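The next block holds one structure in the form of structure tokens; read it before the comments.
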Protein chains: 2
Amino acid sequence: MEIDRTIVQSFPLFSRLCEKDLDSLLSCAVLRRVAQGDTVFKQGESAQSFFLLLNGRVKIMPVSMDGHQFIMRLVNPGEVFGFVKAILRSEYPATAQTATEVLLLGWTIDAWTNFVERHAHLNLNAMQIAGQRLGEAQLRIREMSTQFVKRRLANVVLRLAQQAGRNEGDGILIDFPISRKDIAEMTGTTLHNVSRILSSWEARGVVTNGREKLIVRDMIRLSALANGSLT
Amino acid sequence: MEIDRTIVQSFPLFSRLCEKDLDSLLSCAVLRRVAQGDTVFKQGESAQSFFLLLNGRVKIMPVSMDGHQFIMRLVNPGEVFGFVKAILRSEYPATAQTATEVLLLGWTIDAWTNFVERHAHLNLNAMQIAGQRLGEAQLRIREMSTQFVKRRLANVVLRLAQQAGRNEGDGILIDFPISRKDIAEMTGTTLHNVSRILSSWEARGVVTNGREKLIVRDMIRLSALANGSLT
DNA sequence: CGCTGTATTGACAACGTTCAACGGTTGTGG
DNA sequence: CCACAACCGTTGAACGTTGTCAATACAGCG
């Protein structure tokens with residue numbers, strides 16, 4: 001199967017690679033299709049590969065011993081996942097489950113380290129990925145420590161609209177099926193609360209709700225809700 | 001001033017360096033003493049240096065626009081801080097304030113990158129630092145999303161005891177002055193709540209409280225509180 | 001047409017924060 | 001050495017937020 005190289009080249013991890021190098025990197029990648037709801041890897045497996053998401057969405061979900069589910073990260077097209085853990089040759093700390101049918105490229109960590117030896121500047125790219133994840137994680141910790149559920153939810157929906165939104169003229173549709181439970185697990189609350197709050201926002205014209213569907217109608221007011229200047 | 005090289009060598013970032021290399025690295029480090037309550041760097045400054053804490057404790061505190069204070073990380077002796085951001089040549093995302101008088105070593109990022117060019121394996125060490133921070137951050141997110149304040153507090157105190165505890169025979173003393181406000185800002189709650197919960201634990205013989213002081217008397221029961229098998 | 005998974009809503013209880021008052025300790029300056 | 005201020009900690013009460021329980025509705029699917 002043929003991959004569009006210009007697309008892959010535009011992804012942060014591979015920036016500043018020449019065509020030849022990109023070819024050799026792509027030649028040792030494995031293309032994989034995964035159906036909706038299946039898992040790419042499972043928590044606890046040894047991290048021998050990492051993945052680049054070409055298409056669709058993937059949920060990164062640690063499972064805790066006390067049964068509480070939640071979603072650590074939502075992977076959008078063009079992002080890598082399983083990357084940091086693979087470099088460190090440890091175990092995946094979470095399960096990667098698809099939210100849609102997805103298309104992805106996989107590399108073994110051996111192939112990658114091999115390649116990096118000849119392209120040392122990729123170390124910096126890798127560090128940038130790790131740094132970005134760390135920044136996102138710390139931002140989220142701050143939100144969880146200091147903000148009420150309403151505001152956290154506004155931030156989650158805002159990010160969804162920015163990263164997974166498709167402009168439909170009269171609003172921004174979240175571009176994959178997402179349930180209240182999913183949103184609750186991204187926000188750190190219950191689906192009941194999410195339902196209540198989204199309903200109240202719908203009454204005020206900020207969003208439109210549907211079954212596994214969410215449309216943002218008023219980004220301005222949503223932003224205001226997210227930064228606390230509106231309740 | 002003379003630094004004990006065997007101590008520095010035992011720190012993760014510098015593992016697998018020979019004596020000679022260690023000397024050359026130490027020769028371009030700056031030793032610095034900072035008084036209790038002063039700041040090592042401030043949020044928003046461009047990250048031109050990173051630091052290795054030799055002695056004392058440092059609090060990493062992002063400040064949000066809405067005034068909410070909190071403590072993102074507590075740095076223990078032997079740990080580096082400001083490291084990831086310095087490598088990425090961005091701005092410090094938080095303020096580093098000392099909880100005690102501290103002694104630390106500082107390197108400019110230029111000296112570091114220079115040194116890394118001749119010791120490529122340090123890239124992996126750096127990645128390990130970043131990976132560890134990321135893991136800690138994600139663990140904390142999970143705690144904040146799914147656990148009640150009591151249990152989160154138990155986890156915070158447990159970590160304090162493990163990382164900053166000194167065994168006193170009849171209990172484990174947290175080895176630096178820490179206020180209820182500090183603990184609250186590490187847990188994501190108010191000092192009132194911390195006071196209440198710690199008082200109830202004191203009544204049950206789990207801890208002993210004092211002014212800017214905390215002694216863990218019963219690690220077993222504290223662990224049970226932390227993993228939810230006890231309320 | 002019943003089954004399953006998703007969503008909405010109300011009532012209620014539990015939890016946590018805010019407000020307020022008070023007591024104790026430390027440090028300072030007269 | 002004492003008075004005083006500043007800071008830290010504790011505790012109670014009221015309030016608001018959030019989670020839990022329960023009932024219902026609705027859509028997709030065999």
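Each chain gets a letter, A, B and so on, in the order its sequence line appears, and its residues count up from 1. Just so you know, these numbers come straight off a predicted model, no measurement behind them.
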Strand contacts (DNA chain D) in residues 206-213 of chain B, 4.0 angstrom heavy-atom criterion: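 Under 4.0 Å from DNA chain D: Asn209(B), Arg211(B), Glu212(B).
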
When you measure from every atom of DNA chain D, which of residues 189-202 of chain A have a heavy atom less than 4.0 Å away?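 Thr189(A), Thr190(A), His192(A), Asn193(A), Arg196(A) - these, ordered by number, are the residues of the stretch whose heavy atoms sit under 4.0 Å from the strand.
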
Given Thr208(A) and Arg217(A), is the side-chain hydrogen bond (donor to acceptor under 3.5 Å, both in side chains) satisfied, shown in steps? CA-CA 7 Å; Thr208(A) 302; Arg217(A) 297 288 184 196; 2.7 Å; yes

Neighbours of DNA chain C within residues 224-231 of chain B, by heavy-atom distance under 4.0 Å: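 Heavy-atom contacts with DNA chain C come from no residue of residues 224-231 of chain B; none.
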
For DNA chain D, note the earliest and the latest nucleotide, 5' to 3', having some atom under 4.0 Å of a heavy atom belonging to chain B.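 Span of nucleotides near chain B: dC7(D) to dA13(D).
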
Please verify the inter-ring angle class for Phe83(B) with Phe50(B); under 30° counts as parallel, over 60° as perpendicular, anything in between as tilted.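 Rings of Phe83(B) and Phe50(B): perpendicular, as their planes differ by over 60°.
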
Strictly distance-based, threshold 3.5 Å: is any side-chain N or O of [X] a donor or acceptor partner for the main-chain N or O of [Y]?
X: Thr187(B); Y: Arg152(B); result: no
X: Arg57(B); Y: Phe176(B); result: no
X: Ser179(A); Y: Asp182(A); result: yes
X: Gln43(A); Y: Val63(A); result: yes
X: Arg151(A); Y: Ala226(A); result: yes
X: Arg133(B); Y: Val84(B); result: no

Walk me through it: do Thr95(A) and Gln97(A) pass the test side-chain hydrogen bond (donor to acceptor under 3.5 Å, both in side chains)? CA-CA 6 Å; Thr95(A) 295; Gln97(A) 185 184 21; over 6 Å; no

Terminal contacting nucleotides, 5' and 3', DNA chain C versus chain A (heavy atom, 4.0 Å): dG5(C) to dA11(C)

Compute the bend angle of the helix from dC1(C)-dG30(D) to dG30(C)-dC1(D) from the end axes (five pairs per end), rounded to 10°. 20°

